[in-house]
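In this text the structure is predicted, and so the values were computed from the model without any measurement. Chain letters run A, B, ... following the sequence lines, proteins first, then strands; residues in each count from 1. All heavy atoms count here, side chains included; hydrogens, waters and symmetry mates do not.
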Amino acid sequence: MTYQTKRGLRGLLAACAIAVAASMPLKAQAETTYNLALLSDFSGPYADIMPVLAGGREAVFTWWNETRGKELGVKLNYKNYETRYDAAQVASLWPGIKSELDPIAVVGLGGPDVAALSERLPEDKIPMFMATASYGFAWKPDSWIFNPRPTYSHESAGFLNWMREQRGGDGPLKVAILASEASPAYVDMAKGLELYAEENPEEINLVEVIYTEVQPTDLTGQMRRVVRAGAEALIIQTNTSIVVAAKRGLQANGSNIPIMMSSHNGLPASGGALGGLDQLEGDFEAYGMAIAADEDTPARQFYETLVADHGLKAPWNVVTAMGVSQGLFVATVIDHAIEANGAEGLTGEMVREALFAGPITTEETHGFLPSLTFTPEAPFPLEGLKVNVGTVKDGKITIEAIGVDVPDVQKW
Amino acid sequence: MVYFINDIITGALIGLLYSLVAMGFVVIYRASKVFNFAQGELVIIGGFIVWFTTMQAGLSLWLSIPLSLVLAGLVGYAIERIFLTKLIGESVFSMVMVTVGLLILLRGLVLLVFGPAVRPFPIIFPLKPLFLGDMLIPMNLLMGGIITIVAAVGLSWFFNRTRSGLRMTAVAEDHVVASSMGISVKGSIAFAWVLGAILSTIGAMIFLSGKSLTFLASDIGFAALPVALFAGLESIGGLILAGIIIGIAQSLTTNYLDPLIGGSLGSVVPYIIMLAILLIRPTGLFGWRTIERV
C-alpha cells in the first residue's frame with residue numbers, strides 16, 4: 001500500500017467517523033424517550049414469580065420500542081425499583097423515583113403500591129397501571145391507579161356463580177375463604193366477597209372466612225371445619241404457601257373441595273410448590289385475563305412472537321401472561337396518548353386522559369385482556385366484565401370457561 | 001366436645017414445634033447471653049439443606065436427614081467462627097447486633113444461592129394423620145412433639161448435669177472470668193451455635209414436611225419468640241410448658257374466637273400472653289433471677 005493510498009484511506013475513515021458522529025445527535029433528536037418506573041418485588045413474598053412477571057412486561061416494552069415506537073419515533077425507557085411488596089418501602093422510594101426518572105407512568109405490582117401511592121399520584125399527576133385485579137380500598141372516583149381487571153372479589157364472585165351454574169340445582173353454593181391479615185390487599189379480597197355473599201344469599205352461603213399466616217404452620221383443624229360445614233368451594237387469592245398448606249389440610253381430612261386460586265398464586269405456581277400439577281387436579285384458577293393453557297390462542301401466538309423476536313425467556317404460564325398483559329395495557333394507553341397529543345411533550349396527565357378517551361380493544365392487547373372501557377368513576381372498567389376459568393385435567397392446565405360474566409358487586 | 005379436645009391436642013403439638021425452634025434461642029443464649037435474632041433464618045438454612053440433599057441430590061431420607069444435620073451443624077460453626085468469635089470479650093450488645101445483621105445477610109444469601117422460587121419440601125413424616133376415633137392428629141406435629149420433648153429432656157440434662165453444659169453456662173455469665181478459669185469460651189459458643197443450627201433444622205423438617213419452602217418460613221422464628229420469652233430465656237424444660245400453653249391458647253382462639261370476630265386474633269394471642277407474663281414476671285416463667293451483691 002503506497003503512502004498516498006494510506007493517506008486516502010485515513011481520510012475516508014475520518015470522513016466516515018465524522019458522518020457517523022454528526023448523524024448521531026440527529027437520530028437522538030428524532031427519538032423521544034419517555035420513562036416508566038417499574039415497581040417490583042424480587043426479594044419479598046412475590047420474589048418467586050417476579051422474574052417471570054418482569055420478563056413479560058419488559059419484553060412488551062422491547063417489542064413496542066422495536067415496532068410501534070420506531071414508527072412513532074418514541075422509546076419507552078424503564079427501570080425496576082425493588083419494593084419488597086412493602087407499602088412503607090414504596091412510600092420511601094417514591095420521591096427518589098420521581099426525581100430520578102420523572103416517569104410518565106408507573107407500572108405497579110400490587111396492594112402495597114396502591115396503599116402507598118394512591119394519595120401521592122394525583123398530586124404528582126402520574127398514573128399507575130397494574131397487572132392484578134383491583135381492590136375495594138382503591139375503588140374511588142378520579143383515581144390515578146388503574147387495573148385492567150375488576151376487584152378480586154368481582155373475579156371470585158363471577159367464578160362462584162359459574163360454579164353454581166355448573167353444579168345445577170337449587171340453593172346457594174357453600175363457600176369458604178382462606179385469607180391472611182399479612183396484607184391489606186388480602187383482607188380486602190375477603191371483605192368484598194363477604195359483602196357479596198351477604199347481599200346475595202341465594203347465590204353464595206359463606207360458611208367461614210379463615211385468616212392465617214402467609215406460611216401457615218398447620219391448617220388441618222381449619223380445613224376440618226370447612227369440610228364439616230359442607231363447603232363446595234374454597235377461595236384462596238393470597239399466596240402459594242397458603243394454597244399448599246390448605247391442600248395438605250384438605251388431604252389430611254380426606255377431602256377434595258375445589259380450590260379457586262387467582263393469577264398470582266395460580267395453578268402452575270401452587271402446583272410447583274406442591275410437587276406437581278397433578279396434586280391440583282380439579283382445582284381452578286379464575287381471573288379477568290387470558291388463561292395460559294396449551295390451546296392455540298391469539299395471546300399464545302403473541303407470546304411466541306415475543307419469545308422468537310424480542311428476547312422473552314419466561315415460560316408460557318399465568319405469571320408471564322400477567323406481565324405481558326400489563327405491558328400491553330401500559331403500551332396501548334401510551335400509544336393512544338401519542339396519537340392524541342403527538343410524540344413530543346407527553347405528560348402523565350395526558351396518558352391518564354387517553355385512558356378515558358376511548359376503549360382499549362382486545363385486539364390491541366392480542367387477546368390477553370377483554371375490551372376495556374375506563375371511566376373516571378372507578379379504577380377499573382365497570383361494564384363488560386368477564387373472567388376466564390382454568391383447571392387441571394389429567395395433570396395439564398386447560399381452559400374450562402371463557403368470558404364468564406362478572407356480577408355487580410357493591411362497593412365495600 | 002371431641003373437636004374441642006382435638007383442637008387442644010393440635011394446639012399443644014403446634015406449641016411444641018414453637019418450643020423446638022425456641023430451643024435454638026435458649027441454647028445460644030445459655031452459652032453466650034446472646035439473643036439470636038436470626039433464629040428463623042437458621043430454620044430456613046436448615047430447610048434448604050434438607051431440600052437440597054433430598055430433592056436435588058436425590059439422597060434417601062435415611063441418608064439425607066443425618067447428612068443435613070451435620071451440614072447444618074457446620075453452617076452454625078461457620079457462622080460463629082466468621083462473625084462472632086472475634087467479638088468474644090466485647091459487649092453482648094455488639095454480638096446481638098451481629099445477629100440482626102446475620103438475619104439480613106442469611107436471607108439475602110438464601111435468595112442469592114437458592115433463588116426465590118417456592119419449592120416443594122420433602123415429605124419427612126407421613127401425610128396421613130393419626131385418627132383417634134373422631135380426632136385427627138397431623139403426623140408431623142405428633143412426631144415433632146415427641147422429638148421436642150426428647151430434645152428438651154436431653155438438653156436439660158446436658159446443661160444441668162454435665163461438666164460441658166455447666167461450662168457453657170459459666171461462659172454465658174462472663175467470658176473473661178470463664179476464660180481465666182480455663183474454660184474454652186470459643187469452643188462453648190461454637191458448640192452452642194452448632195446445636196442451635198441443628199435444632200433449627202429439625203424444626204424445619206417438622207414445620208415444612210410435605211409443604212412448601214420459601215424464605216417466608218423464617219417467620220416461625222418470630223412465632224417461637226413468645227415461647228422463649230414466656231418460658232424465660234435460660235429454661236429448656238420451661239419451653240415445653242410455655243409452648244403447650246401458648247399453642248393451646250392460639251389454637252382455641254383460632255378455632256373459636258377468630259370465626260366470631262372475623263379476624264386473626266390467633267396470631268396475636270401468643271404475644272399478648274408473653275407481654276402479660278413479662279409484666280408480672282420480667283424474667284419469664286422459669287428464667288433465672290439474678291441476685292447482684294454490691
At a heavy-atom separation under 4.5 Å, does [X] approach chain A through its side chain, its backbone, both, or neither?
X      : answer
B:I137 : neither
B:L141 : side chain
B:L17  : side chain
B:L216 : both
B:T254 : both
B:Y3   : both
B:N255 : both
B:K211 : both

In terms of heavy-atom contacts, does [atom1] of [X] have more than 12 from other residues, nucleotides or ligands at under 6.0 Å?
X      : atom1 : value
A:F137 : CZ    : yes
B:M55  : CE    : yes
B:Y256 : OH    : yes

ask   = chain B heavy atoms under 4.5 Å from A:T220: which part of the residue, side chain, backbone, both or neither?
value =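 It is the side chain, since no backbone atom gets that close.
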ask   = Under a 4.5 Å heavy-atom cut-off, does chain B meet the side chain of A:N239, its backbone, both or neither?
value =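 A:N239 touches chain B through side-chain heavy atoms alone.
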ask   = Could B:D258 and A:R225 be called an ion pair, given the rule that one side-chain N must be under 4.0 Å from one carboxylate O?
value =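 No salt bridge links B:D258 with A:R225.
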key: Point-to-point distance, once rounded to the nearest 0.5 Å, from CG of B:L127 to CZ of A:R248   =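 If I round to the nearest 0.5 Å, the distance is 5.0 Å.
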request  = Output yes when a side-chain donor or acceptor of A:Q215 lies under 3.5 Å from a complementary backbone atom of B:S212, and no otherwise.
outcome  =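 Looks like yes, one N/O pair under 3.5 Å.
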message = Looking at B:R119 and A:A273, would you say the former's side chain and the latter's main chain have a donor-acceptor pair under 3.5 Å?
response =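 It does not hold such a pair.
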Residue pairs, two or more places apart or on separate chains, that pass side chain to side chain donor-acceptor pair (under 3.5 Å) and touch residues 129-144 of chain B =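 Passing the test, one end in residues 129-144 of chain B: no pairs.
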ask   = Can you name the nearest heavy-atom pair linking B:L111 to A:A47, along with the distance?
value =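 Smallest interatomic distance, heavy atoms only, reads CD2-CB, 4.4 Å.
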message = With chain B as the partner, which of A:A245, A:A269, A:S43, A:G254 has the greatest number of non-hydrogen pairs under 4.5 Å?
response =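 It is A:S43.
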Best-contacting candidate, A:T212, A:V244, A:L274, against chain B by heavy atom pairs under 4.5 angstrom =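 Winner by heavy-atom pair count: A:V244.
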task = Enumerate by number any residue of residues 178-196 of chain A whose heavy atoms lie under 4.5 Å from heavy atoms of chain B; in the absence of such residues, state 'none'.
result =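 Within residues 178-196 of chain A, the residues under 4.5 Å from chain B are A:E181, A:K191.
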Identified side-chain contact (heavy atoms from CB on, under 4.5 Å) counterpart of A:T217 within the set B:D219, B:T10, B:I14 =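 Going through B:D219, B:T10, B:I14 one by one, the side-chain contact (heavy atoms from CB on, under 4.5 Å) with A:T217 is satisfied by B:I14 alone.
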